[in-house]
Amino acid sequence: MNAPPAQNLGDMLRSSLWAQSLKPAELTAIEAEIQVRHCPAGGFVCRKGERVAHWIGVVDGLVKMTNLSADGKPTTLTGVGVGGWFGEGSLLKDEPRRYDIVTLRDSAIAYMPRATFMQLLDTSIAFNRFLLIQLNERLGQFIGRVEHDRLLGPDARVASSLASLFNPTLYPGVKNQLQISQEEIGYLAGLSRQRANQALQALEKAGLVHIEYGGITVLDIAGLRSFGGA
DNA sequence: TCATTAAATTGTT
DNA sequence: AACAATTTAATGA
């Protein structure tokens with residue numbers, strides 16, 4: 001019962017770091033090559049094992065990257081919010097996608113064809129810099145996670161998930177106030193809604209977030225990150 | 001604009 | 001998982 005996707009591709013691109021250095025004509029040309037598809041809540045944006053033909057961005061909504069662990073339990077690798085792009089790893093290596101992408105709510109998803117991605121890679125320094133920063137940030141996130149995850153309690157996992165979702169380096173357009181239900185936070189952190197609720201209350205008591213109806217406000221991103229160990 | 005109702009979300013057990 | 005309480009959104013007077 002989330003609001004239907006409202007943002008459009010143009011706004012999303014203009015708020016992306018890599019797009020800001022392009023000439024308006026270049027940007028409109030790229031915009032024309034990108035397809036936007038609307039995905040209902042809980043739907044698959046793309047599945048593990050599929051051939052990777054696009055770089056994928058979140059125009060509106062919220063998605064998560066999940067993987068199935070050896071025992072078959074779904075594990076959320078990370079969430080991606082408005083303005084986020086992903087899939088460049090498999091696109092660069094020309095390999096099948098390594099994880100499922102699932103929408104947590106009704107979302108608008110942008111699909112940039114491989115040819116467009118490659119052309120940007122060849123012509124835009126800002127685009128290359130963006131990818132470098134993004135890969136580095138992700139690397140730091142995942143290293144921090146595998147380092148701490150088994151030692152961390154549910155509270156810290158929620159903190160870590162939120163910190164990655166509010167990462168200003170990856171998602172400059174995301175404000176510190178995000179409309180996300182506690183149920184969705186639970187999905188992101190791999191917890192039940194009840195446990196996510198307790199974790200959020202603990203984080204609020206610690207002064208890191210402010211809980212509102214249907215959303216949260218992040219008061220201390222650095223605190224969240226250190227809380228989660230990443 | 002206000003009151004009523006339904007739906008969504010949250011807090012608790 | 002189930003329940004009650006609270007908030008929001010929608011509807012109509």
Side-chain angles (χ1 to χ4, degrees), chain A residues 1-9 11-12 15 36-45 58-84 100-110 145 149-150 152-168 170-171 173-230:
Chain A
M1 62 127 327
N2 299 289
Q7 296 228 2
N8 60 55
L9 179 61
D11 290 342
M12 187 261 205
S15 67
V36 176
R37 248 183 61 211
H38 291 254
C39 295
F44 281 92
V45 175
V58 180
V59 178
D60 192 26
L62 183 65
V63 308
K64 63 173 178 179
M65 299 170 36
T66 68
N67 209 340
L68 292 180
S69 53
D71 49 2
K73 293 175 185 171
T75 306
T76 297
L77 300 176
T78 189
V80 179
V82 175
D100 292 322
I101 306 294
V102 180
T103 55
L104 291 175
R105 68 174 76 145
D106 288 358
S107 302
I109 306 299
R145 176 155 327 179
D149 214 15
R150 294 189 179 84
L152 292 180
D155 294 0
R157 294 187 60 181
V158 170
S160 178
S161 298
L162 290 179
S164 66
L165 196 58
F166 280 92
N167 188 325
L170 294 184
Y171 318 126
V174 176
K175 298 173 293 186
N176 64 343
Q177 201 283 334
L178 180 63
Q179 185 181 339
I180 179 175
S181 71
Q182 297 182 2
E183 189 175 19
E184 290 170 335
I185 292 175
Y187 284 132
L188 277 181
L191 302 170
S192 66
R193 181 185 68 80
Q194 299 92 303
R195 195 57 189 83
N197 174 278
Q198 294 181 27
L200 284 173
Q201 292 187 32
L203 293 178
E204 184 177 47
K205 197 168 296 180
L208 300 178
V209 300
H210 177 56
I211 301 176
E212 296 141 21
Y213 181 84
I216 61 171
T217 298
V218 173
L219 304 175
D220 184 354
I221 292 183
L224 276 181
R225 200 166 290 132
S226 60
F227 197 107

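To find a chain, count down the sequence lines: A is the first, B the second, and so on, and within it residues start at 1. Side chains are part of it too, since the values below use all heavy atoms of this structure and drop only hydrogens, waters and symmetry mates.
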Side chain to side chain contact (heavy atoms under 4.5 Å, CB included) between A/Phe44 and A/Thr103, worked out
CA-CA 6 Å; A/Phe44 281 92; A/Thr103 55; over 6 Å; no
Length of the line joining [X]:[atom1] and [N]:[atom2], which is rounded to integer Å:
X: A/Arg193; N: B/dT13; atom1: CZ; atom2: P; value: 14 Å
X: A/Tyr213; N: C/dA5; atom1: OH; atom2: P; value: 16 Å
X: A/Glu212; N: C/dT7; atom1: CD; atom2: P; value: 13 Å
X: A/Ile211; N: C/dT6; atom1: CD1; atom2: P; value: 17 Å
X: A/Leu203; N: B/dG11; atom1: CG; atom2: P; value: 13 Å
X: A/His210; N: B/dT10; atom1: NE2; atom2: C1'; value: 14 Å
X: A/Arg195; N: C/dA1; atom1: CZ; atom2: P; value: 17 Å
X: A/Gln194; N: C/dA2; atom1: CD; atom2: P; value: 11 Å

Using a 3.5 Å distance criterion without hydrogens, assess whether the side chain of A/Ser15 forms a donor-acceptor pair with backbone atoms of A/Gly83.
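No, because the side chain of A/Ser15 does not come within donor-acceptor range (under 3.5 Å) of the backbone of A/Gly83.
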Using atom types as modelled and distance alone, determine if a side-chain donor or acceptor of A/Arg145 lies under 3.5 Å from a backbone N or O of A/Leu77.
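Side chain of A/Arg145 to backbone of A/Leu77, a donor-acceptor pair under 3.5 Å: yes, one is there.
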How would you label the contact of A/Gln201 with the nucleic acid (heavy atoms, under 4.0 Å): base, sugar-phosphate, or nothing?
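The answer is sugar-phosphate, as A/Gln201 gets under 4.0 Å only of primed atoms, P, OP1 or OP2.
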Quick check on DNA chain B: between A/Gly214 and A/Gln198, whose nearest nucleotide comes earlier from the 5' end?
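This one resolves to A/Gly214.
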Would you say A/Asn197 reaches B/dT10's phosphate, i.e. side-chain N/O to OP1/OP2 under 4.0 Å?
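The answer is no; no side-chain N or O of A/Asn197 sits under 4.0 Å from OP1 or OP2.
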To the nearest 0.5 Å, tell me how far A/Leu188 CG sits from A/Thr78 OG1.
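Taking CG in A/Leu188 and OG1 in A/Thr78, the distance rounds to 8.0 Å.
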